[in-house]
Amino acid sequence: IIRKVKELGHESGELDKVIDEDDLYLVLFINTIQYINQHYKNTSKKVKISEKDIDHLFYLFNKFLK
């Protein structure tokens with residue numbers, strides 16, 4: 001999946017050519033896990049990730065990768 005995302009992004013010009021598969025893995029997966037952990041770890045309430053959270057993550061990904 002990561003390789004295909006990289007190829008599509010490079011071909012379309014939407015992804016900086018310097019970004020490699022390791023960078024994508026870090027940005028897409030590790031940052032998502034860290035975001036969830038940071039925002040929801042210290043709560044006793046049942047956690048549901050909102051559409052607003054998802055939209056914000058996609059916004060950050062877009063900014064990180066350009």
Side-chain angles (χ1 to χ4, degrees):
I1 293 175
I2 293 288
R3 183 177 306 126
K4 190 64 174 174
V5 168
K6 180 190 77 168
E7 290 170 1
L8 290 171
H10 287 173
E11 289 170 8
S12 70
E14 294 183 45
L15 183 64
D16 189 318
K17 298 278 188 196
V18 177
I19 301 289
D20 63 16
E21 292 171 25
D22 290 334
D23 297 330
L24 284 173
Y25 180 81
L26 286 171
V27 170
L28 298 176
F29 293 106
I30 302 303
N31 284 335
T32 300
I33 292 167
Q34 182 60 31
Y35 179 87
I36 292 167
N37 189 40
Q38 179 180 339
H39 287 277
Y40 300 109
K41 183 177 183 179
N42 296 319
T43 184
S44 58
K45 296 187 247 179
K46 186 175 179 180
V47 173
K48 182 177 179 186
I49 299 172
S50 69
E51 287 295 320
K52 182 179 176 183
D53 292 331
I54 293 168
D55 290 343
H56 186 67
L57 280 170
F58 280 117
Y59 170 80
L60 291 175
F61 296 156
N62 189 39
K63 290 295 183 183
F64 289 148
L65 296 173
K66 284 195 171 195

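The residues of the chain are indexed from 1 along the displayed sequence. In what follows, every heavy atom counts, from backbone to side chain, and hydrogens, waters and symmetry copies are set aside.
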Taking a hydrophobic cluster as the set of Ile, Leu, Val, Met, Phe, Trp and Tyr residues connected by side-chain heavy atoms closer than 4.5 Å, whether directly or through intermediates, do [X] and [Y] fall within one such cluster?
| X | Y | answer |
| --- | --- | --- |
| Leu26 | Phe29 | yes |
| Leu8 | Ile1 | no |
| Ile33 | Leu28 | no |

Any residue meeting salt bridge (Lys or Arg N to Asp or Glu O under 4.0 Å) with Glu21, in chain and number order, not counting sequence neighbours: Arg3, Lys6
Distance from Phe58 atom CZ to Thr32 atom OG1, nearest 0.5 Å? 8.0 Å
Are the side chains of Leu24 and Leu15 in touch, meaning some heavy atoms are under 4.5 Å apart? yes
Are the side chains of Asp23 and Val18 in contact, using a 4.5 Å heavy-atom criterion?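 In short, these two side chains do not touch, never coming nearer than 4.5 Å.
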Sequence neighbours left out, what passes side chain to side chain contact (heavy atoms under 4.5 Å, CB included) with Ser12? Give chain and number order.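 Ser12 satisfies side chain to side chain contact (heavy atoms under 4.5 Å, CB included) with Glu14 only.
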If you draw a 6.0 Å radius around NZ in Lys52, do more than 12 non-hydrogen atoms from other residues or ligands fall strictly inside?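 No.
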Go through it in stages, so that I can follow the logic: the residues are His56 and Asp53, the test is side chain to side chain contact (heavy atoms under 4.5 Å, CB included), and I'd like the CA-CA distance, side-chain angles, deciding distance and then a yes or no. CA-CA 5 Å; His56 186 67; Asp53 292 331; 5.7 Å; no
